[in-house]
Amino acid sequence: MQFGLLHPADQITLMMERIYGYGMTTTSGGNLSILDDNGDLWITPAGIDKGSLSRNDIVCVKADGQVVGIHKPSSELPFHRLVYQTRPDLKAVVHAHPPALVSFSIVRRIPDTRMLPNERKICGEIGMAEYALPGSEELGQNIAAVFAKGIDTVMLENHGIVIGGPNLFDAFQIFETLDFCARLEIKANRIGKPILLSEAHYETVAANEELHPATFRPAGYSSKERELRREMIKFIQRSYDQRLFTSTQGTFSQRLGEGSFILTPHGMDRKYMDVDHLVRVDNGKVEQGKLPSRSAKLHEAIYEQHPHIDSIIIAHPPNIMAFAVTEDAFDSRTIPESYILLRNIPKLPFSSIYTAPNDAAANFTKDTPIALVENNCVIVTGQSLLNAFDRLEVAEYSAKAIISSRSLGDIVTIDDKKIRDIEEAFGLT
């Protein structure tokens, strides 16, 4: 989808549908705006259900103040105007009240973006604006004062978040990523103390970011590949809808044959990804004109070492990742389904997937289908796309149950005898 070519009313409607649909604002809360090339400001209306917003509901406020539309503009119009006046480089603003970010605003704290490798780069510097009455000129001045410092992301005391961007999609990606960081930090604090990345960690990532693989032009696409591409897109979008992926994070791959697999591209929105965006890798060469996920070498190493693996997912869902960013170990011996599907879950060193992908790949034996990577990701393998997705989903749901159970009492795991019974009954020995 060429999001930037859509009319501002359509862009706002699509993004508000996404924000509301994923529980990041309420029926009456939040507002989005776009400043177009003519200087017209397009904004969500006041008092209209965010769950049923249509393009006809979006209001246009002309540069001279004339209001065009069937509704009144959002009551927060004053601060949107002030942001654009203060920062002419910004062309879109997102304001909403996702619960995790509101939690931080209530305690007057900013979520830490140093738990995983890409979030700090995506979110940039984050500021905090002093509390003022919603819709007031004072609130607008407080927000604009932070934007005037060159900061694009502003937490509002006891309120929510405001993010500006060169376009609405970029602003949304920052918004979604910061919300993810807030949810992850809250989950991690429930089981331990979050561990933050050092500058040495970031240097490791930077040193391994650039990929310059040889390329090839496919002679054609078999019926098998076409079907696998269709299935991959279905599971990628399902992963996003389940909040196992974000727009910027989450990688799927599927083995095609000897030395050949299909992979998620780098830098593509997971929500609107389609079959033509997926990248084929043949014997280390990449489909011409496409940029594969930066984890391509790890996928290749796992497939080369393990013929029993046909699908791989790398993801960062917040509940299972809470165990990756703390010293706590994840134990699958909580319910039978968890142990049957997940078995042993080692925690690999942060740098292993960058500097020693072959060593990292060696961990994925038949009784170790999943591994956490410290402050990085969860890697899930399977015999099919469905099998790998099932394991990812079970890992996230099991982690969520374990984190919740901490507030109820001591966790009781399944004892060794019962584990042996499970192994025998399900052929896991």
Side-chain angles (χ1 to χ4, degrees), residues 12 15-33 44 50-51 74-76 79-80 83 90 92-116 118-135 139-140 142-147 149 151-165 168-190 194 196 240 243-249 271 316-319 321-322 325 400 403:
I12 290 172
M15 277 306 167
M16 186 54 82
E17 180 182 280
R18 199 162 166 176
I19 290 169
Y20 180 82
Y22 294 107
M24 294 189 281
T25 200
T26 60
T27 297
S28 59
N31 32 79
L32 311 179
S33 72
T44 45
K50 299 301 191 298
S74 167
S75 61
E76 302 283 20
F79 85 63
H80 285 258
V83 169
L90 300 178
V93 170
V94 171
H95 169 55
H97 318 110
L101 287 174
V102 169
S103 297
F104 276 87
S105 79
I106 291 170
V107 298
R108 311 288 177 88
R109 277 186 52 201
I110 291 171
D112 206 308
T113 60
R114 296 172 295 168
M115 289 177 288
L116 298 177
N118 297 315
E119 281 63 20
R120 184 174 73 168
K121 183 177 180 181
I122 293 169
C123 295
E125 186 179 357
I126 303 161
M128 180 77 78
E130 292 183 11
Y131 176 83
L133 183 70
L139 177 63
N142 291 350
I143 295 169
V146 183
F147 274 99
K149 300 175 183 178
I151 295 171
D152 297 342
T153 302
V154 183
M155 298 281 295
L156 312 183
E157 292 180 349
N158 297 82
H159 191 151
I161 185 82
V162 177
I163 296 170
L168 188 58
F169 185 65
D170 282 4
F172 169 78
Q173 285 192 316
I174 296 170
F175 166 73
E176 184 186 47
T177 301
L178 189 60
D179 176 63
F180 165 79
C181 290
R183 289 187 290 125
L184 175 58
E185 189 169 350
I186 290 168
K187 302 285 186 184
N189 273 298
R190 287 177 178 167
L196 303 179
Y240 184 86
R243 305 199 83 183
L244 303 170
F245 284 7
T246 65
S247 57
T248 59
Q249 292 182 337
K271 174 70 172 175
H316 316 77
N319 290 286
M321 286 306 298
V325 301
K400 184 176 183 179
I403 292 170

V83: partners by side chain to side chain contact (heavy atoms under 4.5 Å, CB included), with sequence neighbours left out: F79, L90, V93, I143, F147
For D170, all residues meeting salt bridge (charged side-chain N to carboxylate O under 4.0 Å, His left out), sequence neighbours excluded: none
N142: what forms a side chain to side chain contact (heavy atoms under 4.5 Å, CB included) with it, not counting sequence neighbours? A129, E130, A132, E138
Go through the structure and list residues passing ring pair (Phe, Tyr, Trp, His ring centres under 6.0 Å) with Y131, not counting sequence neighbours. none
With sequence neighbours left out, the residues meeting salt bridge (charged side-chain N to carboxylate O under 4.0 Å, His left out) with D152 are R87
Sequence neighbours left out, what passes ring pair (Phe, Tyr, Trp, His ring centres under 6.0 Å) with Y20? Give chain and number order. none
Those residues that, when tested against R190, pass side chain to side chain donor-acceptor pair (under 3.5 Å) (two or more places apart): none
Going by the rule side chain to side chain donor-acceptor pair (under 3.5 Å), which residues pair with S247 if we only count those two or more places apart in sequence or in a different chain? E176
In chain order, what residues pass the salt bridge (charged side-chain N to carboxylate O under 4.0 Å, His left out) check against K50, with sequence neighbours excluded? none
H316: which residues meet the ring pair (Phe, Tyr, Trp, His ring centres under 6.0 Å) condition with it, sequence neighbours left out? none
Mind checking what makes side chain to side chain contact (heavy atoms under 4.5 Å, CB included) contact with R243, not counting sequence neighbours? Y22, M24, D179, R183
Side chain to side chain donor-acceptor pair (under 3.5 Å) with R18: which residues, sequence neighbours excluded? Y240, D269
